[in-house]
Amino acid sequence: MSGQLTRLIKFCLILFAALLCLYLIFILSLTQGAALSNQAPANSGIVSIEKNQVNANRPALLSALFMHHHIVSESGRYYVVVNEFDTTYDVVPLRDMFSRMLLFSNIPLILIIILAICLPILFSRINQRRVDHSMTALNQQAQRLLNAFNIELPQIEHQSNIAKLSHALNAINEQVSIYKRETETNIFQDKLTGLADRHAYLAYLEQQLTIAEQENKKQALLFIDLDGFKQVNDSFGHSFGDEVLIQVAQRLSTVVRNHELSNINTTNHIEQSLSRLGGDEFSIFIGNLNQASRAVEVAKNVLQEIERDFVLGNKVIKIGASIGIAIYPDSASSPYALLQMADVAMYRAKTDGRGIFRVYSPEMGNKMRRYHYLLEEMRLALGSNSFSLSFQPIVHVDDCSIDYFESLVRWHHPIEGIITPAEFIPIAEESNLILELGDWILFEACRQMSAWYNAGMNKVKMSVNISGVQLKHRQLHDWVMETLSKTGLPPHALMLEITESCFIEASEEIIQQIESLRAEGVIIAIDDFGTGFSSLCTLAELPVDVIKIDKLFIDQANENQKYNKILTSISELGRQLGLKVVAEGVEYAEQFELVKRLGIQCVQGYLVSRPETSRNVGTKVLKENLNHIAATGTNVWLPKVDESTPNNTVPLRSIK
Ligand code: C2E
Ligand code: CA
Ligand code: CA
């Protein structure tokens with residue numbers, strides 16, 4: 001509407017200017033006409049009229065209009081006075097003056113004027129058309145954008161192109177800002193839980209640590225890892241696991257709000273103090289740690305919240321969490337390092353028993369570095385044959401004949417020297433490297449035993465330690481049977497040692513796999529018995545042939561009556577269930593005497609022998625008494641009694 005008005009005003013101004021020009025030309029022409037008529041009276045059409053014939057009343061308006069040229073009228077006709085005499089006027093009729101002077105003498109001028117008026121109008125029209133054309137094209141493009149964004153604008157009739165375009169651009173602008181916000185949210189948000197993702201969280205930590213540095217403030221970070229989440233996923237499926245993670249996120253959000261740690265981003269509306277770092281790992285940031293106890297309070301509250309039952313449909317499940325706390329600037333000063341230190345502390349919480357929190361200390365960092373170093377070195381060692389097996393005999397207490405050898409893995413590191421299994425086996429298990437290492441151990445142990453078996457030791461067995469990770473990830477029956485057939489060892493010459501704690505955690509499927517191996521003739525031993533707190537009744541249910549009583553009981557039995565009683569009852573129970581009982585870690589003659597008295601059939605320990613290399617075993621066992629081996633399928637391995645050690649001075653009366 002305002003556009004039309006401006007155009008109308010413009011048009012009126014141009015018209016006014018044109019009329020003014022015409023008028024000026026007209027006056028100029030008139031003056032010029034009068035002058036010309038005077039100079040060339042013959043051609044000028046000048047006539048004389050008597051003064052008394054003219055109308056006495058001068059046409060004042062006309063005179064004014066004609067800039068006071070002398071205008072007279074006679075018989076209704078108007079004349080311009082060129083010369084005045086006493087009684088007459090030399091006049092030119094006004095009409096002639098027009099036609100002659102105006103039209104003929106000023107034609108070029110008039111043409112120029114007309115052009116001067118018309119050309120701008122023409123150009124303006126052309127320009128207008130061009131603008132209209134571009135506007136239409138722009139509107140079409142805008143419409144395409146509107147279509148792409150699925151925006152429908154109300155159709156308003158007689159709307160100018162500019163108005164249409166302005167409407168469309170407004171709508172597109174609005175949509176783009178919504179789109180921008182959504183994209184930002186999408187980029188920085190964990191899709192499953194809606195929490196800030198690791199990337200956004202680290203960026204936020206960066207900002208906050210800068211503020212803390214300027215203001216000399218302390219801050220803290222909680223690294224939360226769920227305990228038992230993997231089992232939830234394995235038992236109920238991933239979508240169930242996802243639901244649990246969503247509920248965990250909700251509970252953590254509540255903790256963040258309750259402890260007033262919340263800090264919501266104004267652009268994408270994401271909570272910045274809480275993040276799902278990935279998998280079942282979460283983190284909470286405490287921006288203002290006025291008291292160190294604040295982080296501990298938050299951690300305790302998180303543990304409480306996670307330990308509450310999770311109800312999903314008709315299922316109720318229980319999980320827990322392990323939490324690591326790192327404090328800025330004590331533990332670390334960069335976001336990434338802070339997160340890593342909290343991770344290290346969390347790892348410590350896991351190894352210290354789970355369901356607890358630990359605050360980072362530098363000593364933990366050393367442990368972590370050692371962990372990663374050994375893991376890397378172990379990978380290299382696997383490729384360069386740096387592992388070997390040693391063999392420890394387990395003998396019958398009655399005659400010291402060898403019942404079996406336990407194969408124990410050894411790692412000789414090129415720089416560090418011997419690294420004990422107590423240090424590297426847990427790392428191998430944690431990282432699943434035990435699968436690869438365990439394949440090698442089983443094969444090597446079976447290969448060695450097959451050689452000894454063929455050399456005549458066909459009553460001796462080889463025992464191999466199997467870890468929980470292997471039980472979970474290997475198809476036990478097929479894996480073991482394939483190795484036996486590759487190495488040519490009969491199944492009854494192989495024993496598998498599975499710890500009591502692994503048995504407690506074993507699924508029904510794993511138990512079936514163990515059963516099926518037993519059915520093939522493989523012997524199953526329950527290792528470190530007495531440390532896993534399984535009830536003695538469950539022993540009857542388990543698919544085992546041998547109980548290996550943990551060293552702990554042997555160590556304590558002579559001094560502590562309680563342990564003595566436990567040992568007695570385990571031995572009795574084993575006998576009743578028809579299981580062979582082995583006492584581990586027998587170091588002294590008194591211990592040997594005691595276990596024999598208790599009716600325990602076999603012993604393993606330094607008293608008999610430390611683990612030996614295959615070469616030493618071969619020399620000791622196969623090179624002597626070949627006749628005995630041929631007759632019995634085994635050999636005797638007598639304990640060495642070291643006279644210099646007071647504990648070992650008791651004569652082994654009972655050994656024949
Ligand atoms: P374990 O299965 O209970 O193995 C027995 C451990 O007790 C061996 O330690 C052995 O050397 C030690 N031992 C035997 N008699 C005595 C004794 O009289 N006194 C003392 N103090 N110790 C004795 P080792 O070889 O250091 O192995 C430690 C643990 O590492 C093993 O405990 C087992 O859990 C694990 N391990 C060793 N080799 C393997 C393997 O090949 N595979 C797996 N999965 N674990 C292994
Ligand atoms: Ca063992
Ligand atoms: Ca053991």
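Just follow the structure's listing: the first ligand is 1, and inside any ligand the first atom is 1.
In this structure, of L408, I418, I394, the residue bringing a heavy atom nearest to atom 31 (C) of ligand 1 is L408. The option from K548, R610, Q604, Q392 that lies nearest to atom 15 (N) of ligand 1, judged by heavy atoms, is Q392.
Each of L539, V546, L579 was checked for a side-chain contact (heavy atoms from CB on, under 4.5 Å) with I526, and the lone residue meeting it is L539. The side chain to side chain donor-acceptor pair (under 3.5 Å) with H477 is formed by just one residue from the set E520, E482, E515; it is E520. Applying side-chain contact (heavy atoms from CB on, under 4.5 Å) to V397 and the options D403, V603, I600, V608 leaves one that passes, V603.
Protein heavy atom closest to atom 43 (C) of ligand 1, with residue, atom name and distance, is N465 CB, 3.5 Å. D528 OD1, 3.3 Å is the protein heavy atom nearest to atom 3 (O) of ligand 1. Regarding atom 41 (O) of ligand 1, its nearest protein heavy-atom neighbour is I441 CD1, 3.4 Å. Protein heavy atom nearest atom 11 (O) of ligand 1, with residue, atom name and distance: P611 CG, 3.5 Å. From the protein, the heavy atom lying nearest to atom 29 (C) of ligand 1 is P421 CB, 4.5 Å. The protein atom (non-hydrogen) at minimum distance from atom 19 (N) of ligand 1 is E587 OE2, 2.5 Å. Closest protein heavy atom to atom 46 (C) of ligand 1: I425 CD1, 3.9 Å.
In terms of polar-atom proximity, defined here as any N/O pair under 3.5 Å, V409 does make such a contact with ligand 1. In terms of polar-atom proximity, defined here as any N/O pair under 3.5 Å, E497 makes no such contact with ligand 1. The N/O atoms of Y606, backbone and side chain alike, include one that comes under 3.5 Å of an N/O atom in ligand 1. Annotation: Q470 places no N or O atom under 3.5 Å from an N or O atom of ligand 1; distance criterion only.
The aromatic rings of F387 and W440 sit tilted relative to each other, their planes meeting at an angle between 30° and 60°. Taking the six-membered ring where the residue is Trp, W411 and F424 present perpendicular rings, their angle passing 60° and hence far from 30°. Between H413 and Y373, the ring-plane angle classifies as tilted under the 30° and 60° cut-offs.
In this model, a donor atom of one side chain and an acceptor atom of the other lie less than 3.5 Å apart for N465 and E406. Checked by atom type, the side-chain pair S322/D227 shows a donor-acceptor distance below 3.5 Å. Neither side chain, E243 nor Q247, offers a donor N or O lying under 3.5 Å from an acceptor on the other. Checked by atom type, the side-chain pair T634/T632 shows no donor-acceptor distance below 3.5 Å.
The N, O or S atom of E497 lying closest to the Ca ion (ligand 2) is OE1. Atom OE2 is the N/O/S atom of E584 found closest to the Ca ion (ligand 3).
Metal site remark for the Ca ion (ligand 3): D528 contributes an N, O or S atom at a distance under 3.0 Å. One of the N, O or S atoms belonging to D527 lies under 3.0 Å away from the Ca ion (ligand 3).
In terms of heavy atoms, A583 sits closest to V595 at CB-CG1, 3.7 Å. Scanning both residues, K350 and L226, for their nearest heavy atoms gives NZ-O, 3.2 Å.
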Is there a side chain to side chain contact (heavy atoms under 4.5 Å, CB included) between V636 and V395? Walk through the geometry before answering.
CA-CA 8 Å; V636 174; V395 300; over 6 Å; no
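Short contacts between ligand 1 and E584, defined as distances under 4.0 Å to a heavy atom of the residue, involve ligand atoms 3 (O). Close contacts of ligand 1 with D527, meaning ligand atoms under 4.0 Å from a residue heavy atom, involve 2 (O).
Rounding to the nearest 0.5 Å gives a distance of 8.0 Å between CD1 of I434 and CE of M378.
Note: angle at the Ca ion (ligand 2), from OE2 of E406 to OD1 of N465, is 90° (rounded to 10 degrees).
Atom 17 (C) of ligand 1 is flagged as protein-proximal [any protein heavy atom, distance under 4.0 Å]. Atom 38 (N) of ligand 1 lies below 4.0 Å from at least one non-hydrogen atom of the protein. Protein non-hydrogen atoms do reach within 4.0 Å of atom 22 (N) of ligand 1.
Heavy atoms of T420 stay at 4.0 angstrom or farther from ligand 1. In this structure, R410 is part of the shell of residues with a heavy atom less than 4.0 angstrom from ligand 1.
Applying the 6.0 Å contact sphere to NZ of K620 captures more than 12 heavy atoms from other residues, nucleotides or ligands.
Of the heavy atoms in V586, only backbone atoms (N, CA, C, O) come closer than 4.0 Å to ligand 1.
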